[in-house]
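Take a look at the structure set out below.
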There are 2 protein chains.
Amino acid sequence: MKSAREVFLQFLQRQGMTMTPQRATIVEVFLHEEGHFSPEQLYMAVNKADPAIGQATVYRTLKLLTDSGLAATLDMGDGATLYEHGYGHAHHDHLICVRCGGKTEIVDHVIEERQERIAEKHGFELTRHSMLLYGVCPRCRGKRGGSG
Amino acid sequence: MKSAREVFLQFLQRQGMTMTPQRATIVEVFLHEEGHFSPEQLYMAVNKADPAIGQATVYRTLKLLTDSGLAATLDMGDGATLYEHGYGHAHHDHLICVRCGGKTEIVDHVIEERQERIAEKHGFELTRHSMLLYGVCPRCRGKRGGSG
DNA sequence: GTAGATGCAAACGCTTTGCCCCCTG
DNA sequence: CAGGGGGCAAAGCGTTTGCATCTAC
């Protein structure tokens with residue numbers, strides 16, 4: 001399997017774009033981030049590596065990373081979009097605690113297969129999907145209901 | 001089964017809130033809307049019924065409708081939230097055409113059940129979920145693909 | 001008379017864009 | 001020299017909120 005850097009480079013070249021120092025930095029930082037993170041978080045981490053890189057560039061590169069398949073988006077209902085690694089990671093969905101915001105990755109082949117079948121039945125050519133299960137995690141269920 | 005109006009009225013009363021002319025108008029218009037619509041669309045329809053009602057009131061009432069179970073939200077990744085009727089309608093998920101934006105409602109009991117089971121396995125108490133399948137609908141597949 | 005409800009417009013948070021300079025080729 | 005890339009800050013978008021007013025009980 002090609003390295004993520006390689007995939008990104010080839011993606012850029014295919015688009016007639018070039019690998020710039022800023023993009024290289026952002027990709028590196030991106031690959032070192034764990035779990036789910038916001039553009040803002042990535043921006044802050046990128047800034048530690050190179051304070052000269054602006055937020056807009058992070059957003060622009062994040063879009064490229066998504067298009068290249070290196071990044072996957074995770075859309076909460078809160079208006080913000082989170083990102084995670086999307087290359088070399090099996091597809092997974094998320095279990096989200098509505099109280100603490102904690103996210104758990106889940107994989108279910110039965111569901112994946114049903115989704116394919118549903119799409120097929122409707123004549124759709126499936127490109128991607130998003131499944132979010134919201135609930136209260138065990139830890140928060142232990143505590144009493146309060147929001148804090 | 002209680003009428004939707006009744007459900008909303010009782011919800012308001014339970015919250016110590018009252019049914020106002022504006023809320024009544026918005027509920028009526030809401031119930032007449034079909035399919036999936038944006039707050040903006042609802043606002044425009046409400047305005048035909050009563051031009052004095054402001055956008056903020058529509059948003060505020062939409063939130064109440066959601067809390068009361070009369071409305072269900074459908075979060076596209078585009079930053080906007082769509083609404084649909086949620087009372088007296090079985091839960092369903094959506095198949096969305098990435099090309100024309102068309103939405104098809106789908107129901108799959110196997111998936112619903114698996115979701116419950118997954119949540120259970122992780123100790124989560126499931127409150128709701130959202131499953132969006134993105135793809136290309138039969139009609140758009142017929143036309144030429146464009147940017148492949 | 002008190003408390004909630006409303007309309008308006010400004011504020012908000014996240015994301016995108018315009019502009020101009022820079023570097024690359 | 002041509003053209004994309006980047007930084008900055010302002011604009012843009014959908015949504016929320018502060019405030020003064022008004023209504024209902």
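Chain A is the first sequence line, chain B the second, and so forth, proteins listed ahead of strands; every chain is numbered from 1.
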Between C1' of D/dT15 and CG of B/Asp75, the distance in whole Å: 12 Å
Integer-rounded Å distance: D/dA11 P and A/Gln55 CD: 17 Å
Are the side chain of B/His92 and the backbone N or O of B/Ala90 linked by a donor-acceptor pair below 3.5 Å? yes
Nucleotide D/dG7, atom C1' - distance to CG of A/Asn47 in whole Å: 11 Å
Run the side-chain contact (heavy atoms from CB on, under 4.5 Å) test against B/Ala80 and tell me which residues pass, sequence neighbours left out. none
Output all residues satisfying side-chain contact (heavy atoms from CB on, under 4.5 Å) with A/Glu6, sequence neighbours left out; order by chain, then residue number. A/Lys2, A/Ser3, A/Gln10
Do A/Val98 and A/Val136 have side-chain heavy atoms sitting under 4.5 Å apart? yes
Suppose the criterion is salt bridge (charged side-chain N to carboxylate O under 4.0 Å, His left out): which pairs have a residue in residues 15-31 of chain A, not counting sequence neighbours? A/Arg5-A/Glu28
Could you give the start and end, 5' to 3', of the contact zone on DNA chain C for chain A, using atoms under 4.0 Å from its heavy atoms? C/dC14 to C/dG18
Considering non-hydrogen atoms only, spot the tightest contact between A/Leu31 and A/Ala4 and give its length. CD2-CB, 3.8 Å
In a table with atom names and distances, give each donor-acceptor pair under 3.5 Å that connects a side chain of residues 35-44 of chain B to protein atoms at least two apart or in another chain.
residue: B/His36; atom: NE2; partner: B/Glu84; partner atom: OE1; Å: 3.1
residue: B/His36; atom: NE2; partner: B/His94; partner atom: NE2; Å: 2.9
residue: B/Ser38; atom: OG; partner: B/Gln41; partner atom: N; Å: 3.1
residue: B/Ser38; atom: OG; partner: B/Gln41; partner atom: OE1; Å: 3.3
residue: B/Glu40; atom: OE1; partner: B/Gln55; partner atom: NE2; Å: 3.1
residue: B/Gln41; atom: OE1; partner: B/Ser38; partner atom: N; Å: 2.8
residue: B/Tyr43; atom: OH; partner: B/Asn47; partner atom: ND2; Å: 3.4

Among residues 56-72 of chain B, which ones have heavy-atom contacts with DNA chain C below 4.0 Å? B/Ala56, B/Thr57, B/Arg60
DNA chain C contacts made by residues 24-35 of chain B, counting heavy atoms under 4.0 Å: none
Once ring pair (Phe, Tyr, Trp, His ring centres under 6.0 Å) is applied, what residue pairs with a partner in residues 111-136 of chain B remain, sequence neighbours excluded? B/His91-B/His129
Please work out whether the ring planes of B/His85 and B/His89 are parallel, tilted or perpendicular, with thresholds of 30° and 60°. perpendicular
Of A/Leu95, A/Leu74, A/Asp93, the residue whose pairing with A/Leu132 passes side-chain contact (heavy atoms from CB on, under 4.5 Å): A/Leu74
Mind calculating the distance between CD1 (A/Ile53) and P (D/dC8) to the nearest angstrom? 11 Å
Using a heavy-atom cut-off of under 4.0 Å over every strand shown, decide if B/Thr81 touches base, sugar-phosphate, or nothing. sugar-phosphate
Under 4.0 Å from any atom of DNA chain C, heavy atoms only: list the residues of residues 15-23 of chain B that qualify, in numerical order. B/Met17, B/Thr18, B/Thr20, B/Gln22, B/Arg23
Pairwise salt bridge (charged side-chain N to carboxylate O under 4.0 Å, His left out) hits with a residue in residues 104-116 of chain A, at least two apart: A/Asp108-B/Arg114, A/Glu113-A/Arg117, A/Arg114-B/Asp108
Specify the separation, in whole Å, of atom CD of B/Gln41 and atom P of D/dT15. 11 Å
For B/Thr81, enumerate each residue passing the side-chain contact (heavy atoms from CB on, under 4.5 Å) test, keeping only those at least two apart in sequence or located in another chain. B/Thr73, B/Asp75, B/Tyr83
Output all residues satisfying salt bridge (Lys or Arg N to Asp or Glu O under 4.0 Å) with B/Arg128, sequence neighbours left out; order by chain, then residue number. none
